[in-house]
Amino acid sequence: MRTLTPLLCAALLLGGCGPRAEGPAGLRVQVVTLDPDGPPPQPLFLRREDSAEPGREYPLEPTGEPGVYLARGAPDGHYRIVSPHAWGMLWTQPTPPLLEAGPGRPPRPLPLGRPRCLYVTTEDARRWMVSPEWGVEVRRPGGAFTPVPVEVIEQGGWVGLRIPAEHWQPGNELRALGRLSDGRATQLLGVPLSERLGDEPRLGLVHPAPAAPLLVRVVPAPARTPVPVPDGTPVRLARRALPLDLVEERTTFRGVATFDAVPTLDAPLVVSLPGRAEATVEVSFDEWQRLGEVWILGEPPAGEARNLDLVLPEDASGGSEAPEVLVRAEGADVYGLAIVGRGPRGWRLRTGAGAQRLWVRVGRSWHPAAVPAGSDPTPVALGPAQATVRVRGTVPGLPPGHRVRFFRLEDESWVLGHGFDVLLTPLGFDARLPPGRYAAGPVRADGQLARRVEFTLEPGTEVRRDFALR
C-alpha cells in the first residue's frame with residue numbers, strides 16, 4: 001500500500017501522471033492511506049454516482065501492484081470507493097472524481113480513511129501545513145459542547161483525529177480546532193454527523209483563522225499614592241469555549257500590551273495579569289469586534305489592595321452573569337475594567353485602597369457608585385439604574401480601523417475608559433455607554449480628535465450620529 005504524502009495531495013487535485021502498460025478492460029485506482037491506518041480491509045467497491053448507472057457497484061480486485069486495484073468492466077464515470085467496513089473515501093467536493101480508462105492513463109490515486117475518524121489537511125501544503133496539535137468537542141442534540149478525548153495520528157501534513165464510538169453518533173456535531181505548522185490557529189471546523197454517512201470518515205480542508213489586532217491598556221488601580229503601571233508588566237490573553245486552548249502573553253510599554261494578530265474565533269477573550277489568582281476579565285467576541293481594545297484595572301501597589309462587595313439592587317436583572325465594573329481613581333481621567341468574582345454577599349471585585357468611582361453594568365443598565373479611601377473590605381451600595389445608551393454611526397472619508405472616542409463629563413472633567421473608545425468597522429461604529437454629557441469625535445492618525453462634538457445622551461436612548469473629519 002503506497003502511503004506517500006504527494007499521492008494524498010494529488011488525490012485531492014488532479015491525480016497521478018505518467019504512462020502505463022495496457023491491461024484488462026476497466027478502471028484502475030490507487031488506494032492511498034496514512035501509514036498509521038494501514039491498508040483497508042477487503043472487499044472494496046467502486047460505486048457509480050452519476051446519471052448513467054447511479055448506485056451500481058463494481059468490485060475492486062488487487063492487481064499485484066502496491067495499492068492498485070482494478071474495477072473490471074467499469075466504464076468511465078464518476079465513482080466513489082465504498083466499503084462494508086465503513087472505510088470511506090476522503091473527498092470534499094459534492095461530485096466524486098471522474099475516473100477514465102484508456103491508453104497511457106495511470107491509476108487515479110484516491111485517499112481512504114478509517115471509520116469514525118476526522119481527517120484534516122490543507123489545500124496547498126506549500127503555503128501551510130497542519131500540526132498534530134488539535135482539540136475536539138462534541139455536542140449532542142439539545143446539549144452543549146463538551147471535550148472529547150481523541151487519538152491523533154499524523155503524516156506529512158495530514159492529521160487524523162480518531163473519535164471514540166460513543167461520541168460518533170448520528171445527530172451529534174463535532175467541532176475541531178488546531179494549529180498550523182507555523183503556530184497560527186486554524187478556522188473552527190464544524191462537522192455534523194448524519195445517519196446517511198454513518199461511521200464513514202470525514203475530511204476537512206482548513207485555513208488559518210482570520211486575525212485582528214487587540215490592544216490591552218492597563219489602568220493604574222486606585223491607590224492613596226498613585227503608581228504608574230511599570231513597563232514590562234505581563235498580560236495574558238486566552239480563549240474559553242473552544243476545543244483547543246489558545247494562550248498568548250505580551251508585556252506592557254507605557255501601559256499598553258499589543259497583540260498583533262488574535263484569531264477572530266467566536267469565543268470570549270479572557271484577559272489576565274499572570275501571577276494573580278483568578279485575576280481575569282472576560283470580554284465577549286461581540287464586544288471585542290466593537291471595541292478592538294480592552295482597558296483592564298492593574299494590580300494595586302503593595303499593601304494597597306482591598307476587596308469591594310457589590311450590593312446589587314433588588315430589581316437588578318443580570319441573572320448569573322457577572323456584572324461589568326468600571327473603576328476610576330478619584331481625580332484620574334480613565335476607567336479600567338475590574339476583575340470580578342464571587343464573594344460571600346454576591347459579587348466581589350479586587351481594587352486599590354484609594355477613593356474611587358464605579359460604573360457597574362448589570363444587564364442593560366448602569367449603576368453609579370462612589371467609594372471612599374480605606375483598606376478594609378467594603379460593601380458598596382449601588383445607585384439607581386440608568387439604562388444603557390447606544391450610539392451608532394459612520395465617519396465618511398475615514399477608513400475602517402480608525403477609532404471614535406467618547407469623553408464623559410464627570411466632576412467638571414472629561415474622562416475616558418473601557419468601552420468609551422470604539423472601533424470604526426466597514427459597517428460604522430457602535431458605542432454602548434452609561435448616559436450623560438459627552439464630547440466625541442473620530443480620532444486622527446496623531447491620536448487627536450478630528451472634530452469634537454458635545455451632546456447629552458439620555459438613559460435608554462438609541463442615537464444615530466455621523467461624524468465629520470472637518
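Just so you know, residue 1 is the first one in the sequence shown, and it goes up from there.
With values rounded to the nearest 0.5 angstrom, L203 atom CG is found 6.0 Å from T92 atom OG1. Taking CG of L269 as the reference point, atom CD of Q289 lies at 8.5 Å (rounded to 0.5 Å). For the atom pair CZ (R224) and OG (S375), the distance works out to 5.5 Å, reported to the nearest 0.5 Å. Separating the CG atom in D199 from the CD atom in Q169 is a distance of 7.5 Å, to the nearest 0.5 Å. D266 contributes atom CG, which lies 9.0 Å from atom CG of D286 (distance to the nearest 0.5 angstrom). Interatomic distance, CZ of R432 versus CD of E462, reported as 9.0 Å (0.5 Å rounding).
For the pair L469/P442, a side-chain contact is recorded, criterion being any heavy-atom separation below 4.5 Å from C-beta on. The side-chain heavy atoms of P97 and M89, taken from C-beta on, include a pair separated by under 4.5 Å. Within the 4.5 Å cutoff, the side chain of T33 has no heavy atoms near those of the R114 side chain. The side-chain heavy atoms of S365 and Q386, taken from C-beta on, include no pair separated by under 4.5 Å. When side chains are defined from C-beta on, R217 counts as touching W295, because their heavy atoms get closer than 4.5 Å. Taking 4.5 Å as the limit, some side-chain heavy atom of V325 sits within range of a side-chain heavy atom of L310. Between V371 and L308 there is a side-chain heavy-atom pair separated by less than 4.5 Å. Residues Y438 and V391 form no side-chain contact, since every pair of their non-hydrogen atoms from C-beta on lies 4.5 Å or further apart.
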Q. Run the side chain to side chain contact (heavy atoms under 4.5 Å, CB included) check on V311 and V380 step by step: do they pass?
A. CA-CA 6 Å; V311 182; V380 179; over 6 Å; no
(Q) Is there a side-chain hydrogen bond (donor to acceptor under 3.5 Å, both in side chains) between R361 and H367? Walk through the geometry before answering. (A) CA-CA 6 Å; R361 184 181 63 81; H367 300 263; over 6 Å; no
Q | side chain to side chain contact (heavy atoms under 4.5 Å, CB included) between E166 and V138, worked out | A | CA-CA 11 Å; E166 62 267 26; V138 66; over 6 Å; no
Q: Decide yes or no on side chain to side chain contact (heavy atoms under 4.5 Å, CB included) for L337 and V271, but give the supporting numbers first.
A: CA-CA 10 Å; L337 191 60; V271 186; over 6 Å; no
Q: Kindly indicate, with the supporting measurements, whether the criterion side chain to side chain contact (heavy atoms under 4.5 Å, CB included) is fulfilled by W359 and V327.
A: CA-CA 7 Å; W359 278 107; V327 176; over 6 Å; no
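Between F455 and F406, the ring-plane angle classifies as perpendicular under the 30° and 60° cut-offs.
Each of R392, R290, R390 was compared with D430 under the side-chain hydrogen bond (donor to acceptor under 3.5 Å, both in side chains) criterion, and only R390 meets it.
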Quick one: side chains of residues 241-251, donor-acceptor pairs under 3.5 Å with protein atoms, not counting sequence neighbours, listed by atom name and distance.
unit_1: E248; atom_1: OE1; unit_2: R250; atom_2: NH2; d: 3.2
unit_1: E249; atom_1: OE1; unit_2: R236; atom_2: NE; d: 3.1
unit_1: E249; atom_1: OE1; unit_2: R236; atom_2: NH2; d: 3.0

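Nearest heavy-atom pair, P96 versus H78, reported as atom, atom and distance to 0.1 Å: O-ND1, 2.8 Å. In terms of heavy-atom proximity, L205 sits nearest to H207 at O-CD2, 4.2 Å. Annotation for P399 and L424: closest pair O-CD2, 3.6 Å, computed over non-hydrogen atoms. Here the closest heavy-atom approach between residue G460 and residue V389 is recorded as N-CG1, 3.8 Å. The two residues T252 and P230 come nearest to each other via the heavy atoms OG1-O, 3.2 Å.
A donor-acceptor pair shorter than 3.5 Å cannot be found between the side chains of H167 and E137. Donor-acceptor pairing under 3.5 Å is lacking for the side chains of H402 and R444. For the residue pair W366 / T388, a side-chain donor-acceptor distance below 3.5 Å is found, with atom types taken as modelled.
Under a 4.0 Å N-O distance rule, the pair R408/D333 does not qualify as a salt bridge. Residues R350 and E299 are paired through a salt bridge, judged by an N-O separation under 4.0 Å between the basic side chain and the carboxylate. Looking at E410 and R437, no side-chain N of the basic residue comes within less than 4.0 Å of a carboxylate O on the acidic one, giving no salt bridge. Remark: E200 does not engage R116 in a salt bridge, criterion side-chain N to carboxylate O under 4.0 Å. Between E293 and R403 there is a salt bridge, since a side-chain N of the basic residue sits under 4.0 Å from a carboxylate O of the acidic one. A salt bridge does not link D50 to R80: none of the charged nitrogens lies less than 4.0 Å from a carboxylate oxygen.
In this structure, R175 satisfies the cation-pi test against F145, with its NZ or CZ atom closer than 6.0 Å to the six-membered ring centre and inside 45 degrees of the ring normal.
With sequence neighbours excluded, the residues forming a ring-ring contact (aromatic ring centres under 6.0 Å, His included) with F467 are F429, listed by chain and number.
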